[in-house]
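Below is one structure, written out as structure tokens; comments come after it.
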Amino acid sequence: MSPQIPFPLREPVKEDENQPFRPNLNVALTCPDCRITPPHIVEEFASGDLVCGDCGLVLGDRIIDTRSEWRTFANDEGDDPSRVGAVANPLLDGDQLDTVISRRDGGSGVAKDLNKIQSKAPGQKGDRNLVQAYKEITAMCDSISLSKLVSDTAKQLYKRVEDEKLLRGKSSDAIIAACICIACRQERVARTFREICALTRVPKKEIGRCC
């Protein structure tokens, strides 16, 4: 092994050709009745049995069905067999596994009140502000035909500003305008201050203070 390489690879182990014979210890399930190789083992999930497909001998019972379950558990209109939620958004805080209370409950109004109470929670309020800022950044970038890469970079910059409290006291519109301007500069997309000011309706002086 050469000491000059900073991260040397592990040297391959040389196999000895004169080693004695060793049995294969890999687990192989075969039928003890017909002993056909290769075995034809059938998993009958309806009955929960493991059956030999050649002679019919039951080799196991109470097996677990590991396949996807596509039953519908939704009470809303339509047939939605999905058992999972949306993909996690790396631009939002938390594990995003919170339960969201629906506003529809048949007309009693209780669910609407519970949804309003849940939306006032501190964690929900912070995520709601981020989502609203991301929507504004997306709409502004789409209006002047900026790429998704520029939009995602601007969102990452906005989240960093919010997490580290870099621009306290600055308005959200000014921060969004500065993030879009810096994202265009980083991705080498030519956009002037005049275009950013016309897009965000934020004065050039305010954008310069945030940049």
inquiry  = Measuring only between side-chain heavy atoms, which start at C-beta, is Val51 closer than 4.5 Å to Leu59?
reply    = no
For residues 167-188, run the donor-acceptor check on the side chains, cut-off 3.5 Å, and write out each pair with its distance to 0.1 Å, sequence neighbours left out.
unit_1	atom_1	unit_2	atom_2	d
Ser171	OG	Ala174	N	3.3
Ser172	OG	Tyr158	OH	3.4
Glu187	OE2	Thr153	OG1	3.2

ask   = Of all residues at least two apart in sequence or in a different chain, which pass the side chain to side chain donor-acceptor pair (under 3.5 Å) check with Lys148?
value = Asp152
Cys52 and Pro39, any side-chain heavy atoms less than 4.5 Å apart = no
ask   = Can you tell if the side chain of Leu130 reaches within under 4.5 Å of the side chain of Glu162, non-hydrogen atoms only?
value = yes
ask   = Is there a path from Val42 to Leu57 through hydrophobic residues (I, L, V, M, F, W, Y) whose side chains come within less than 4.5 Å of each other?
value = no
message = Please give me the minimum heavy-atom distance between Arg191 and Ile196, naming the atom from each residue.
response = CB-CD1, 4.3 Å
Flag side-chain contact, heavy atom, 4.5 Å: Thr138 against Lys155 = yes
message = Would a single hydrophobic cluster contain both Phe193 and Leu199, if residues Ile, Leu, Val, Met, Phe, Trp and Tyr are joined by side-chain heavy-atom contacts under 4.5 Å?
response = yes
key: Hphob cluster co-occupancy, Val150 + Ile137, side-chain heavy atoms under 4.5 angstrom   = yes
ask   = Just how far is it from atom CG of Asp49 to atom CZ of Arg62, taken to the nearest 0.5 Å?
value = 10.5 Å
query = Between NZ of Lys159 and CD of Glu164, what distance do you get to the nearest 0.5 Å?
reply = 10.0 Å
key: Spacing of Arg160 atom CZ and Leu166 atom CG [to the nearest 0.5 Å]   = 6.5 Å
inquiry  = Membership question, hydrophobic clusters at under 4.5 Å side-chain separation (ILVMFWY): are Ile144 and Leu157 in the same one?
reply    = no
request  = Please examine the side chains of Ile207 and Cys197, heavy atoms only from C-beta on, and report whether any two atoms are closer than 4.5 Å.
outcome  = yes
ask   = Going only through I, L, V, M, F, W and Y residues with side-chain contacts under 4.5 Å, is there a path from Val131 to Val161?
value = yes
ask   = Do Asp142 and Leu146 touch side chain to side chain, with heavy atoms closer than 4.5 Å?
value = no
Whichever hydrophobic residues join Leu149 through chains of side-chain contacts under 4.5 Å = none
query = How many angstroms lie between atom CD1 of Ile41 and atom CG of Leu50, to the nearest 0.5 angstrom?
reply = 6.0 Å
